[in-house]
Amino acid sequence: MAQAGLFITFEGSEGCGKSTQIRRLADFLLSLKREVVVLREPGGTPIGESIRNLLQYDESAGAMTPEAELLLFAASRAQLVREIIRPALARGAVVLCDRFLDSTTVYQGVARALDASEVRVINEFAVGETLPDLTFLLDLDAAEGRRRASARKGPSDRMEQENESFYEAVRQGYLKLVAEHSGRFALIDASLDEESVELSIKNVLMERFQIQGGVHGIH
Ligand code: TMP
């Protein structure tokens, strides 16, 4: 029988440890002999990576309007969904994506204060029926996240130049989303050490997808 694909996304503000936890979960799933596809947004396809570069580092991007920014994130996602995510899920792979449509809801819809219903329509247009089965929110105090992000990286990208209140709005926006969609989200305390966060993530997977030496539907 064909294995069911599983679509898992990771959300959270800068410095919350998403990429570390995605790597750890990918290793765990690989040890269960599953095909794992690790992606990031914006990006993950040649078109998406060009859009990422434009959004984050291009000299002209300083003049970018919030509306254009929204559409570029959506364009990258529309490509990723059709070029990579849907075929991977159809093969039965586990897709782990570093950010997805919730980032747009929160960064553009809340922190940039674009109209929430317009953001929803554009999000729906970009992804169609392809929604995550499970979304981990790695929640962290906004100032602590900024400290962690600036400690580990070289040049900061355009979004990282935003001020504290932007990142506080991001955090509150995510927490509100979790409250509204508690069935899809798992709220993870990202202030803990890496091992504890990894354990919390695996525990959620066990609860929701019944791991028994392997993840059911994943086994
Ligand atoms: P990251 O890959 O380091 O997380 O950077 C991506 C940046 O882009 C981050 O600041 C969040 C932002 N972003 C949005 O504003 N909207 C989106 O839809 C996505 C996917 C990312």
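Quick caveat: nothing in here was measured; it's all calculated off a predicted structure. Counting starts at 1 for both ligands and their atoms, in listed order.
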Which atoms of ligand 1 are found less than 4.0 Å from any heavy atom of Gln108? 14 (C), 15 (O), 16 (N), 17 (C), 18 (O)
For residues Ser19 and Arg40, is any side-chain donor paired with an opposing acceptor at under 3.5 Å? no
Below the 3.5 angstrom mark, is there an N/O of Tyr107, backbone or side chain, next to an N/O of ligand 1? no
Counting from 1, what ligand 1 atoms have a heavy atom of Arg52 closer than 4.0 Å? 1 (P), 2 (O)
Proximal ligand 1 atoms for Lys18, defined as those under 4.0 Å from one of its heavy atoms: 4 (O)
Under 4.0 Å from a heavy atom of Glu41: which atoms of ligand 1 are those, numbered in the order shown and with their elements? 20 (C)
Which segment of Arg112 sits under 4.0 Å of ligand 1 when only heavy atoms are counted: neither
Evaluating non-hydrogen atoms only, which member of Glu11, Met159, Arg40, Gln56 is closest to atom 5 (O) of ligand 1? Gln56
Side chains of Glu11 and Ser103: donor-acceptor distance under 3.5 Å anywhere? yes
Transitive ILVMFWY cluster of Phe185 at side-chain heavy atoms under 4.5 Å: who else is in it? Val106, Tyr107, Leu137, Met159, Phe166, Tyr167, Val170, Tyr174, Leu175, Leu177, Val178, Leu187
Heavy-atom contacts under 4.0 Å between Glu14 and ligand 1: side chain, backbone, both, or neither? side chain
Hey, does Phe100 have a side-chain heavy atom less than 4.5 Å from the side chain of Asp102? no
Test of proximity, Asp157 against ligand 1: N or O pairs below 3.5 Å: no
Arg99 near ligand 1, heavy-atom distance under 4.0 Å? yes
Region of Glu69 engaging ligand 1 - heavy atom pairs below 4.0 Å: neither
Are Leu101 and Val81 connected in the hydrophobic side-chain network, where two residues link if heavy atoms are under 4.5 Å apart? yes
So, Asn53 and Ser50: side-chain donor and acceptor under 3.5 Å apart, yes or no? no
Is it the case that Arg52 and Ser76 place a side-chain donor and acceptor less than 3.5 Å from each other? no
State the atoms of ligand 1, each with its element, that fall below the 4.0 Å cut-off from a heavy-atom position in Thr104. 17 (C), 18 (O)
Does a salt bridge link Glu129 with Arg86, judged by any charged N lying under 4.0 Å from a carboxylate O? no
